[in-house]
Q: 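One structure coming up, written as C-alpha cells, with questions to follow.
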Amino acid sequence: MVSEGVDGGAAGSDEVAAPVGLRLGGLRVDTPVVLAPMAGVTNAAYRQLCREQAEAGAVPAGGQAGLFVCEMITSRGIVARDRKTLDMLQFDPGERVRSVQLYGVDPMIMARATEILITDFAVDHVDLNFGCPVPKVTRKGGGGALPYKRRWLELILTAVVGAAGPHGVPVTMKTRIGIDDDHRTHLDAGRIAEQAGCAAIALHGRTVQQAYSGEADWDAIAALKQHVSIPVLGNGDIWEAGDALAMVRHTGVDGVVIGRGCLGRPWLFRDLVDAFAGVSSRTLPTLGEVASMIRRHAQLVVGYSDEPHGLAEMRKHMAWYLKGYPVGGEIRRALGLVSTFAELDDALGRLEPDVPFPVAELGSPRGRQGSARARVALPEHWLDDPAAVDLDLADAEIGVSGG
C-alpha cells in the first residue's frame, strides 16, 4: 500500500481551520467525517471496511474515527416488523456507535420507528432522509420534495426528536438545497431543524432537480452554516481528503459527509482521518491490494447472508473498485458475474498485482452522475401552499427498505 505526501491543490493549503471533533448531543465524533447512507452500499460489511480504514489513520487513542451510517431503513418497514427491513439492521462487532438513517413521511410512524430502533436495536444515532431525488419518491411527496411543506417537516422532526430525546439519542437530518433553484428550502429546513431540537443538519449542495449532475453549490452550504447555530455537515463533490478540507475552508462547516467519493475506495477514510489530524497522506493501493480488499469485502458480505446472495451483492462494487486500473474486459465481465468464491478467486487471480494506482483518477467523480431533470416529479398542486398540513402522503410511505 503506497501512502504518499500530498502537495499542492486543495489538500496542500496551509490554512485549514479543521473542526476539532463533532458533537451530536452527547455523542462525540473525533474525526468530523460521516459515511453517507447509500442504498445497497453502506451495509454492515462496507461500513466495517470504511471504519477499519479510518481507524488505521491518525485518530486519537480510543477516539471515534468518523460516523458510519447504515443504509436507509423505512419507518413503515420497522413498525410493520418487515423481515427484509429488520434483516438490514445488522452491525459489526467493532461498531461502537450504531447509526441508522430513517425514511418516512408520517410523524407518528416515524416516532414509533425511532423508539423501536433505540429500544430493540440499541441504535445510538438516528438520521432522517429528506434528500432522496428519486422520482418514484418525490412524485408522492417524499424525500427531497417533503421539506417544501415546512409545517409538515416540523411535525416529523418534533415527533422524532421527542421519541429519541428521553433515551439521549441525537437526531439529525439530511436534505438538499431545494426542489429546484426556484424553490429552495435549505434555510427554512435548517431553522426548523434547530427549533425542533435536531443535533445537526447535513446539506447536499444540489437541488432535487440536479440529482447527481453538475457541481455541488458549496456557497449554499456556507449560507446554511451562517443561518443556524446547530452543527452543519457539508456533502457534495468530496472526491479526495483535500476536497474535505477545502469545503471546511470555504463553508465553515462542522464536518463533512462522504458519499460517492468512497465507492470502491474504503481507503479514502484513512486519508480523511489523517487530513483532519493535520497529517498529509494519500493512500494509493496497487491492483493486488485492491483484489485483497474485494476478497475481504466478499467474505464479510457473505457472512451476513450466504454465498449466492452475497456475491450477487458484490457485483456492482467491481467497477468502482477497478475504476481506472488497466483490467481487460474479459476479467471485468467475469467479476461482474461471480456467483461462487471459486469464480471470484479465479478472476482475481488473473489480475496483475503490481499494477500501481491510476493517479489520473484522483479527484475525479465516482458513481452515478447523469444529467439534470427537465422537471421534478411532484404531487399535483404540491407547490401551492408550503404551510399545508392536510396532506395525504400514504403513497409516499415505502414499506420495504433498501431504496
Q: Tell me whether His186 contacts the main-chain N or O of Ile177 through its side chain, where contact means a donor paired with an acceptor under 3.5 Å.
A: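 Pair found, side chain donor or acceptor close to backbone of Ile177.
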Q: If the threshold is 4.0 Å, N to carboxylate O, is there a salt bridge linking Arg191 and Asp188?
A: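 Looking at Arg191 and Asp188, the cut-off is met.
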Q: Could Asp180 and Arg206 be called an ion pair, given the rule that one side-chain N must be under 4.0 Å from one carboxylate O?
A: no
Q: When the aromatic ring centroids of Tyr103 and Phe130 are compared, is their separation below 6.0 Å?
A: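 Aromatic pair excluded; centres sit 6.0 Å or further apart.
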Q: Once you round to the nearest 0.5 Å, how far does CG of Asp127 lie from NZ of Lys174?
A: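 Reported value, rounded in 0.5 Å steps: 8.0 Å.
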Q: Would you find a donor on one side and an acceptor on the other, under 3.5 Å apart, between the side chain of Arg47 and the backbone of Val41?
A: no
Q: Going from CD on Glu240 to CD1 on Ile258, what distance comes out if it is rounded to the nearest 0.5 angstrom?
A: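 The CD1 atom of Ile258 is 10.0 Å from CD of Glu240, to the nearest 0.5 Å.
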Q: Do Leu35 and Thr42 come close enough that some side-chain heavy atom pair is under 4.5 Å?
A: yes
Q: With sequence neighbours left out, write down each residue that passes salt bridge (Lys or Arg N to Asp or Glu O under 4.0 Å) with Arg51, or none if nothing qualifies.
A: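 Here the qualifying residues are Glu55, Asp92.
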Q: Are any of the side-chain nitrogens in Arg23 or Asp254 under 4.0 Å away from the carboxylate oxygens of its partner?
A: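 Here Arg23 does not pair with Asp254 in a salt bridge, since their nearest N and O are not under 4.0 Å apart.
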Q: Which of parallel (below 30°), tilted (30 to 60°) and perpendicular (above 60°) describes Tyr212 and His204?
A: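 Taking His204 first and then Tyr212, their aromatic rings sit tilted (interplane angle of 30° to 60°).
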Q: Check this for me, if you would: do Arg282 and Asp271 make a salt bridge, where the nitrogen-to-carboxylate-oxygen distance has to be below 4.0 angstrom?
A: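 Looking at Arg282 and Asp271, the cut-off is not met.
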Q: Output the distance between atom CZ (Arg96) and atom CZ (Phe91), rounded to the nearest 0.5 Å.
A: 15.5 Å
Q: Going through the checks in order, is the salt bridge (Lys or Arg N to Asp or Glu O under 4.0 Å) test met by Glu154 and Lys149?
A: CA-CA 9 Å; Glu154 179 185 356; Lys149 301 297 188 182; over 6 Å; no
Q: Quick one: does any side-chain atom of Arg373 pair with a main-chain N or O of Pro133 as donor and acceptor, under 3.5 Å?
A: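 Indeed, once roles are kept as given, a pair shorter than 3.5 Å links the two residues.
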Q: Using side chain to side chain donor-acceptor pair (under 3.5 Å), reason through Gln101 and Asn129 one step at a time and then give a plain yes or no.
A: CA-CA 7 Å; Gln101 186 180 72; Asn129 180 333; 3.1 Å; yes
Q: For the backbone of Ala377 and the side chain of Thr138, can you confirm whether one donor and one acceptor N or O come within less than 3.5 Å of each other?
A: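 Yes, Thr138 side chain to Ala377 backbone: donor-acceptor pair under 3.5 Å.
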Q: Would you give the length of the straight line joining atom CZ of Arg150 to atom CG of Leu146, rounded to the nearest 0.5 angstrom?
A: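 Nearest 0.5 Å value for the CZ-CG distance: 11.0 Å.
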Q: Testing the 3.5 Å rule here: is there a donor-acceptor pair between the side chains of Glu115 and His167?
A: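 Indeed, the side chains of Glu115 and His167 share at least one donor-acceptor pair under 3.5 Å.
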Q: Kindly give the heavy-atom pair with the smallest separation between Ile156 and Val105, and that separation in Å.
A: CD1-O, 3.4 Å
Q: Do the charged groups of Arg184 and Asp217 touch, with an N to O distance under 4.0 Å?
A: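 Salt bridge flag = yes for Asp217 with Arg184.
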Q: For residues 357-365, dump all side-chain donor-acceptor pairs below 3.5 Å to protein atoms at least two apart in sequence or in another chain.
A:
unit_1	atom_1	unit_2	atom_2	d
Glu361	OE1	Lys323	NZ	2.4
Glu361	OE1	Ser364	OG	3.2
Ser364	OG	Lys323	NZ	3.3
Ser364	OG	Glu361	O	2.6

Q: Please find the pair of heavy atoms, one from Val273 and one from Ala54, that lie closest to each other, and give the distance.
A: CG2-O, 3.5 Å
Q: Looking at CD of Gln209 and CD1 of Ile179, how far apart are the two atoms once the value is rounded to the nearest 0.5 Å?
A: 10.0 Å
Q: Does NZ or CZ of Lys140 come closer than 6.0 Å to the centre of the six-membered ring of Trp382, within 45° of the ring's axis?
A: no
Q: Would you say Glu215 has more than 12 foreign heavy atoms packed within less than 6.0 Å of its CD?
A: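 Check fails, neighbour count at 12 or below.
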Q: If you measure only the distance, is there a donor-acceptor pair under 3.5 Å linking the side chains of Tyr321 and His297?
A: yes
Q: Could you measure the distance from the CE atom of Met173 to the CG atom of Leu102? Nearest 0.5 Å is fine.
A: 13.0 Å
Q: Around atom NE2 of His250, are there more than 12 heavy atoms from other residues, nucleotides or ligands closer than 6.0 Å?
A: yes
Q: Any salt bridge between Arg139 and Glu380, counting N to O under 4.0 Å?
A: no
Q: Have Glu71 and Asn43 got a donor and an acceptor in their side chains that come within less than 3.5 Å?
A: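 Their side chains do not contain a donor-acceptor pair, so the 3.5 Å distance test is not met.
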Q: Which heavy-atom pair separates Gly168 from Pro170 by the least distance, and what is that distance?
A: O-CD, 3.6 Å
Q: Any carboxylate oxygen within less than 4.0 angstrom of a Lys/Arg side-chain nitrogen, looking at Asp120 and Arg81?
A: yes
Q: Has Tyr148 got a side-chain atom pairing as donor or acceptor with Leu383's backbone, closer than 3.5 angstrom?
A: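 Yes, because the side chain of Tyr148 sits within donor-acceptor range (under 3.5 Å) of the backbone of Leu383.
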